[in-house]
2 protein chains.
Amino acid sequence: MLHFNNSLFGGRFQSVLGIMSKGVNLRELSNRLNLSQTTVSRALNGYPEVSAETRKRVAEMADELGYAPNSQARRLATGRSMAIGHVIPRSIHEMMNPIFLEFIAGAGETYSKHGYDMIISVVEDDHEEDAYRQIATRKKADGVIVHGPAADEHRHRLLKEINLPFVVHGRIPGAESETTWVDMNNRRAFERATNLLLDLGHQRISLLNGLEHMDFARRRRKGFEDALAARGLAADNAIMRSSDMTEPFGCDNAMEMLKSDNPPTAFLVSSMISAIGVARAIGQCGLETGKDVSIITHDDALSFLPNSGEVPIFTCTRSSVRYAGQRAAELLLDIIASPQREPSSLHLDAELIIGQSTGPVPGR
Amino acid sequence: MLHFNNSLFGGRFQSVLGIMSKGVNLRELSNRLNLSQTTVSRALNGYPEVSAETRKRVAEMADELGYAPNSQARRLATGRSMAIGHVIPRSIHEMMNPIFLEFIAGAGETYSKHGYDMIISVVEDDHEEDAYRQIATRKKADGVIVHGPAADEHRHRLLKEINLPFVVHGRIPGAESETTWVDMNNRRAFERATNLLLDLGHQRISLLNGLEHMDFARRRRKGFEDALAARGLAADNAIMRSSDMTEPFGCDNAMEMLKSDNPPTAFLVSSMISAIGVARAIGQCGLETGKDVSIITHDDALSFLPNSGEVPIFTCTRSSVRYAGQRAAELLLDIIASPQREPSSLHLDAELIIGQSTGPVPGR
DNA sequence: TTGAAAGCGATACCAT
DNA sequence: ATGGTATCGCTTTCAA
């Protein structure tokens, strides 16, 4: 996975004077230049009042001595920590979610593009509030991303209280207009998916959802139920499940239902990982996915679970979490740059993509 | 996934004087106490020469005012950044690896336990060297973890050059004794797995390996080949593959091989994710995993892919990456605390666990 | 266009 | 046991 340009890594490192590793500071640099620290600082930070010639001299010497400003000092002086925090409570990190990783990857790209650091705090559940407070009082980060809002969410209140800028990945029910968030249209995605199944003649559809104390899962369920209701159908609790989205969650539940008296002819699943489990169960029952039993899954476009190709394996509602991460980070940096601005959120639509896992209901 | 204790989050936040959010600093705190900053600092940091009574007063007032030291200032004063860096080049983060996430989760636990921050830098490939240099010169972190060492690895040279403490997750061939690392015994794990298959009568075994410019993948291949050689067998390149360990990688290759003239009777796979793909292929060919075709996979004990239960789905070599993360972090903190110490590494053994995916070769 | 000097908020040495 | 003061390395106001 790691490739190196040999011209960079293979050769000897340019330590002509052993200076590169010494760590020159601003004072030494300005001494060498017979300039004040002020001027050097200005030159390096692109202030306009520096003469072109001076700026050039400074840049060259800085380069030669391998100068880079000490971030702690700069942060102390400017009062900005140039870092964004992500707090992961144990309850979320125990079932360490690949979706989180993909989001982080996206956000991280944005951060480094803007010179920000990403700091991740893994904390015990009962220290989460503490973690946020410490980020604020100790000035560890200029803002945070709130992950996985619950249906009954409170973190935004704390964050407003302690005046820590934040962006929510997902939405906080009842606080949509007073917070900045990036979310996909979960309800609509699952409504569309359900309609597709209904159009294919499926009437008995199982919902394998994420944990329904989470906002996103509630919305998905709503979309599912809305679509059924629109055709005068009711959801059957006997074939609806809600859990962490693991592979066995999909397999075990699908297996159980398929063996029951009144098995579903289709599954609507909240995650590719569980969908893979469902497919396994279908196979183990001697049935064929997309023919005997249909599956639609949400696809977060995780890089290690590609579901693309001409005809994707799974029919899916797709929305890139990585992209969401990039955009959420951008919004947060905006807020930090101009705190007075009105909250502006981003509602992403999922694509409904036809793959190999759906077909008309058998015997139709 | 997120549970909150309502007594913490549900109620109103204690902003009795609006002070909590103000951010008191050391000077204000010491003024309020009629003590010098020196004494207050000492009291808070547990220095012995402070009277018990003073210490108590200080602690109480600090608590009341919600004082917490500004980390930037402290870092500047102490010269320690109290942070560990993880650099992720794009080549690794494009195929964003869940294994990385799990490792991070483990390391993160250790960091917060010791008051360290974890900072993650997502960088373009050709900026990786730069990223490390900047961490060193700008003093962004006190040390770094090196992820995914290649067979032809150079980062350790750079890190020694710039004097940045580090621990390797995995091993750097040829530098085992001069670096501190945490790795599992890849060669032995795959040797044992292969032996198990051979004992079951399998002679035609396919290897679906990770990218073989990575050290871990080479070692696994070695283990595989060693085991075959010990019984006078040779590996057949026609049924060996090496790639990013995605689900389709497993499925597509297994499918192709199973349909060939001389199909393998067993698969040795480097990752659960790909193993799931293999299982899917087997199902699609109308065969049964563990009966018609056997699979042994390496299991990194990823939380969203549990492979436990009385009889796990997959027979596997298992080693917890999360644990590796914890230990690697501990070793790094040790090094930082006492830099002169000899490098001491950790070689973890994988367990070989029998699951449902293996059985005697058919027709035996 | 350049520089002197005052912060930023802690720690730590040297006195007392 | 407590306090004064220099220091960490940078930014930024104010002067020149």
Can you sort out the partners of [X] under side-chain hydrogen bond (donor to acceptor under 3.5 Å, both in side chains), two or more places apart, ordered by chain and number?
X	answer
Thr54(B)	Ser51(B)
Gln37(B)	none
Asp334(A)	none
Arg74(B)	Asn45(B)

Quick one: which residue pairs count as a ring pair (Phe, Tyr, Trp, His ring centres under 6.0 Å) with a foot in residues 45-82 of chain A, not counting sequence neighbours?
none
Axis deviation across the helix from dT1(C)-dA16(D) to dT16(C)-dA1(D), five-pair ends, to the nearest 10°:
40°
If the condition is ring-ring contact (aromatic ring centres under 6.0 Å, His included), which residues does Tyr116(B) pass it with, not counting sequence neighbours?
none
If the condition is ring-ring contact (aromatic ring centres under 6.0 Å, His included), which residues does His86(B) pass it with, not counting sequence neighbours?
Tyr111(B), His147(B)
What nucleic acid atoms does Thr54(A) come within less than 4.0 Å of, heavy atoms only: base, sugar-phosphate, or nothing?
sugar-phosphate
Could you encode protein contacts along nucleotides 8-16 of chain C as a string, one character per nucleotide from 5' to 3', using B for base contact, S for sugar-phosphate-only contact and - for no contact, with a heavy-atom cut-off of under 4.0 Å?
BBBBBB---
Non-neighbouring partners of Ala324(A) that pass side chain to side chain contact (heavy atoms under 4.5 Å, CB included), sequence neighbours left out
Phe103(A), His169(A), Val182(A), Leu348(A)
On DNA chain D, which is the earliest and which the latest nucleotide, 5' to 3', with an atom closer than 4.0 Å to a heavy atom of chain B?
dA1(D) to dG9(D)
Applying salt bridge (charged side-chain N to carboxylate O under 4.0 Å, His left out), can you list everything that pairs with Arg138(B), at least two apart in sequence or on another chain?
none
Lys/Arg N to Asp/Glu carboxylate O, Glu53(B) vs Lys56(B), below 4.0 Å:
no
